[in-house]
Amino acid sequence: MKNFRAAWMLALMAGVMACGGRKERPKQQEIVKDIRQLNEVVREQIAERLDYTSGSGELLEDSVRAFRLSALQFAYGQNNGAAWWSDNGLIHPVGDSMLGWVENADSYGLVPNSYHAATLRSVREQLRSSQKDAALWAKLDVLLTDAFFKMATHLRYGAAPRDSITLRADSTFSDTLLVGFLREAMQARTVGEVLHRQEPTLKSYADLKEGIRLFKEQYTGRHWDTLPSTYADTPAFRRQLAIRLMQSGHHDTTGIPETDTITLRNAVKAFQREFNMYPDGVAGKRTIQALNKQPEDWLLQAGLNLDRWRKFPDSLPKRYLLVNIPSFLLRVVEDDTTVLESRVIVGNPRTRTPLLNSVMTNFVLYPYWRVPYSIVFKEMLPQIKKNVGYLAEKNLEVVDHKGNVVSPDTIQWQRLNRNYFPYVLRQMDGLDNSLGIMKFNFANRFSVYLHDTNNRTLFANLNRALSHGCVRVQQWDSLAMFLIRDDPRPAIRDSVRTWLVMEEKKMFAFSNRLPIYIRYFTAELRNGKMQFYEDIYGEDRTLLPYFH
């Protein structure tokens with residue numbers, strides 16, 4: 001057996017080395033006369049297919065790139081070149097199990113055709129009437145093996161590559177581990193146990209999977225018409241809109257579509273509420289864009305976010321703070337339970353709030369705001385040059401490099417520019433300060449932080465991408481009280497309240513530092529329902545190429 005394995009690998013390598021160009025496609029049909037000969041011919045066909053893949057830029061027969069050719073070669077070398085998933089014209093139960101996982105990949109935030117779904121479906125159908133076709137059995141086997149390796153890796157590490165905030169220490173499986181998983185699945189006669197084990201155990205990941213299940217339950221089998229991209233107040237458009245809303249269950253589905261203003265407006269509102277848009281009942285540009293997304297588009301959006309959770313470690317701290325930029329929400333989580341939630345304001349698309357990992361160390365009461373130079377040069381300096389009184393209006397003072405406050409009237413503002421500005425603009429503390437009453441600090445290279453604001457009416461906005469990059473917190477006082485609750489000094493809570501009343505500038509460092517994650521999730525399960533958020537920074541679009 002060892003001699004055969006060595007000979008098979010040598011033959012395969014010789015085939016790889018013999019050809020400097022692209023290989024011809026393997027035989028698409030190889031009928032054996034005697035079913036007892038099938039395994040041997042399938043073995044030959046598998047070697048031919050691996051040879052083809054090695055000479056075609058690692059493309060498989062359905063033009064999908066092999067996940068890892070070296071893993072395929074190692075797997076079949078370990079199995080003496082024989083098929084893993086079938087035996088003499090009969091597919092193993094584990095093969096049916098893998099086919100089921102491929103078909104249902106979208107339940108795990110994956111795209112079925114990334115795992116050869118359409119081709120596998122076609123091959124399986126052909127084999128029903130051509131059981132003795134060795135070429136088909138070999139094709140099925142190689143595609144299933146590749147799909148298994150790829151899916152196991154994607155469930156563990158995600159389909160998209162690591163990024164600067166990925167918290168996992170490792171990023172891939174070795175060929176040996178992948179083949180070990182394959183053997184384990186064969187022995188168990190199902191791939192489920194092995195594949196499930198690769199998934200994150202985080203509660204938020206499980207919740208999002210449940211949201212996907214509920215969404216599929218509601219919308220599987222539905223498809224709807226596409227509306228014109230702009231609203232037209234005509235009977236024809238209103239009828240199209242009514243039919244579209246009927247198709248997704250947001251409009252009365254009995255009888256002729258109602259197009260009267262009130263009924264149709266209420267149907268639009270129902271759709272807007274479900275998909276997290278301002279429920280004004282008007283089919284504007286953004287609402288029409290959402291109406292034109294098919295169920296599979298929404299499932300893909302949810303899947304991108306499962307992939308983001310796969311970049312987290314296997315477990316999170318006992319308690320942590322998570323800012324989700326697209327939902328404009330902050331959550332403090334303790335023992336997998338949200339103990340504090342607050343609306344937040346985040347950076348606008350031109351001055352984005354950065355994604356990061358850090359630890360919150362202290363908060364400052366009545367802080368100064370040191371204006372970032374980007375804001376000084378872009379927004380403030382032109383105004384100051386027009387009218388130096390702008391500084392007083394904005395409660396700003398000028399500080400030189402020695403830390404001394406300088407009178408604005410002594411400065412020749414017209415001579416200052418981006419290349420020469422030897423000052424710092426600092427907004428004085430107090431209720432008029434842009435940072436508000438409190439600032440929460442954590443180390444990061446972006447010089448951002450969480451803080452209160454002097455413009456609290458903005459928290460009522462649905463779209464709260466309004467800041468220069470820092471995160472404004474509506475429930476800043478509740479967050480402060482949470483951060484000091486475990487302080488061993490029993491009077492500290494009263495002290496903080498006194499400092500607030502007396503408007504004293506204080507810095508409080510807490511010993512139980514709070515891990516903070518600023519992240520970007522455009523889908524989640526919330527209050528038992530799937531919730532989608534606008535891709536305000538276009539981050540979803542950057543991930544899409546990895547999901548085709």
| Do W101 and H196 have ring centroids that are under 6.0 Å from one another? | yes
| request: Apply salt bridge (Lys or Arg N to Asp or Glu O under 4.0 Å) to R445 and list each qualifying residue two or more places apart in sequence or on a separate chain. | output: none
| said: Show me the pairs that pass ring-ring contact (aromatic ring centres under 6.0 Å, His included) and involve residues 111-131, at least two apart or across chains. | reply: Y115-H154
| said: For F532 and F275, take the angle between the two ring planes, folded into 0 to 90°, and tell me which bin it lands in: parallel under 30, tilted 30 to 60, perpendicular over 60. | reply: parallel
| said: If you define the side chain from C-beta out and look only at heavy atoms, does anything of Q247 sit under 4.5 Å from R222? | reply: no
| Do any N or O atoms from the side chain of D62 and from the backbone of T119 form a donor-acceptor pair under 3.5 angstrom? | no
| query | Taking atom types as modelled and ignoring hydrogens, do the side chains of R49 and T53 form a donor-acceptor contact shorter than 3.5 angstrom? | reply | no
Throw together a table of side-chain donor-acceptor distances under 3.5 angstrom for residues 317-330, partners on residues two or more places apart or in other chains.
residue, atom, partner, partner atom, Å
K318, NZ, D335, OD1, 3.0
K318, NZ, D335, OD2, 3.0
R319, NH2, N512, O, 3.1
N324, OD1, F521, N, 2.7
N324, ND2, S327, OG, 3.1
N324, ND2, F521, O, 3.0
S327, OG, N324, O, 3.3

| Judged by atom type as modelled, is there a donor-acceptor pair below 3.5 Å linking the side chain of N113 to the main-chain atoms of H548? | no
| said: Donor-acceptor check, side chain of Q531 to backbone of G211, threshold 3.5 angstrom: yes or no? | reply: no
| Under 6.0 Å from the CZ atom of R189, do we count more than 12 heavy atoms belonging to anything else shown? | no
| task | Compute whether any side-chain donor of one residue and acceptor of the other, for Q28 and E61, lie under 3.5 angstrom apart. | result | yes
| query | Hey, are the side chains of Q131 and L127 touching, using non-hydrogen atoms and a 4.5 Å cut-off? | reply | no
| request: Give a yes-or-no answer on whether the side chains of Q301 and K293 include a donor-acceptor pair shorter than 3.5 Å. | output: yes
| Can you find a heavy atom in the side chain of L227 that is under 4.5 Å from one in the side chain of L241? | yes
| field | F181/F148 under ring-ring contact (aromatic ring centres under 6.0 Å, His included): CA gap, chis, key distance, verdict | value | CA-CA 9 Å; F181 293 154; F148 177 81; 7.3 Å; no
| Pair R168-D314, salt bridge (Lys or Arg N to Asp or Glu O under 4.0 Å): steps then yes or no | CA-CA 8 Å; R168 285 192 177 279; D314 293 328; 2.9 Å; yes
| query | Hey, is the main chain of A443 close enough, under 3.5 Å, to the side chain of S358 for a donor-acceptor pair? | reply | yes
| Is L543 close to R308 at the side-chain level, that is, under 4.5 Å between some pair of heavy atoms? | yes
| request: Answer whether the closest heavy-atom distance between the side chains of L60 and V142 falls below 4.5 Å. | output: yes
| task | Tell me yes or no: between the side chains of W309 and S204, is some donor less than 3.5 Å from an acceptor? | result | no
| Donor-acceptor side-chain pairing of R464 and N348 below 3.5 angstrom | no
| query | Side chains of Y108 and E199: is there a donor and an acceptor less than 3.5 Å apart? | reply | no
| Do R68 and T172 have side-chain N/O donor and acceptor atoms under 3.5 Å apart? | yes
| said: Side chains of R43 and Y76: any donor to acceptor distance under 3.5 Å? | reply: no
| request: Would you tell me whether Q126 and S122 have side-chain atoms, one donor and one acceptor, within less than 3.5 Å of each other? | output: yes
| field | Flag if over 12 foreign heavy atoms under 6.0 Å of NZ, K216 | value | yes
| Y278 ring centre to R273 NZ or CZ under 6.0 Å, with the angle to the axis within 45°? | no
| query | Going by atom types only, do N292 and T226 share a side-chain donor-acceptor pair under 3.5 Å? | reply | no
| said: Given K139, which partner from the list D133, I46, V123 fulfils the side chain to side chain contact (heavy atoms under 4.5 Å, CB included) test? | reply: V123
| query | Do Y52 and E48 touch side chain to side chain, with heavy atoms closer than 4.5 Å? | reply | no
| request: Walk me through it: do Y546 and D307 pass the test side chain to side chain contact (heavy atoms under 4.5 Å, CB included)? | output: CA-CA 10 Å; Y546 301 103; D307 208 72; over 6 Å; no
| message | Using side-chain heavy atoms (C-beta onward) and a distance below 4.5 Å, is E524 in contact with N305? | response | no
| message | Quick one, R352 with E539, criterion salt bridge (Lys or Arg N to Asp or Glu O under 4.0 Å). Give me CA distance, side-chain angles, the key distance, then yes/no. | response | CA-CA 11 Å; R352 300 180 179 188; E539 293 288 328; 3.2 Å; yes
| query | Going by distance alone, is a donor N or O of one side chain under 3.5 Å from an acceptor N or O of the other, for S171 and R162? | reply | no
| Flag, side chain of N104 to backbone of S107, donor-acceptor distance under 3.5 Å | no
| field | T287 and Q272 side chains, donor-acceptor separation under 3.5 Å | value | yes
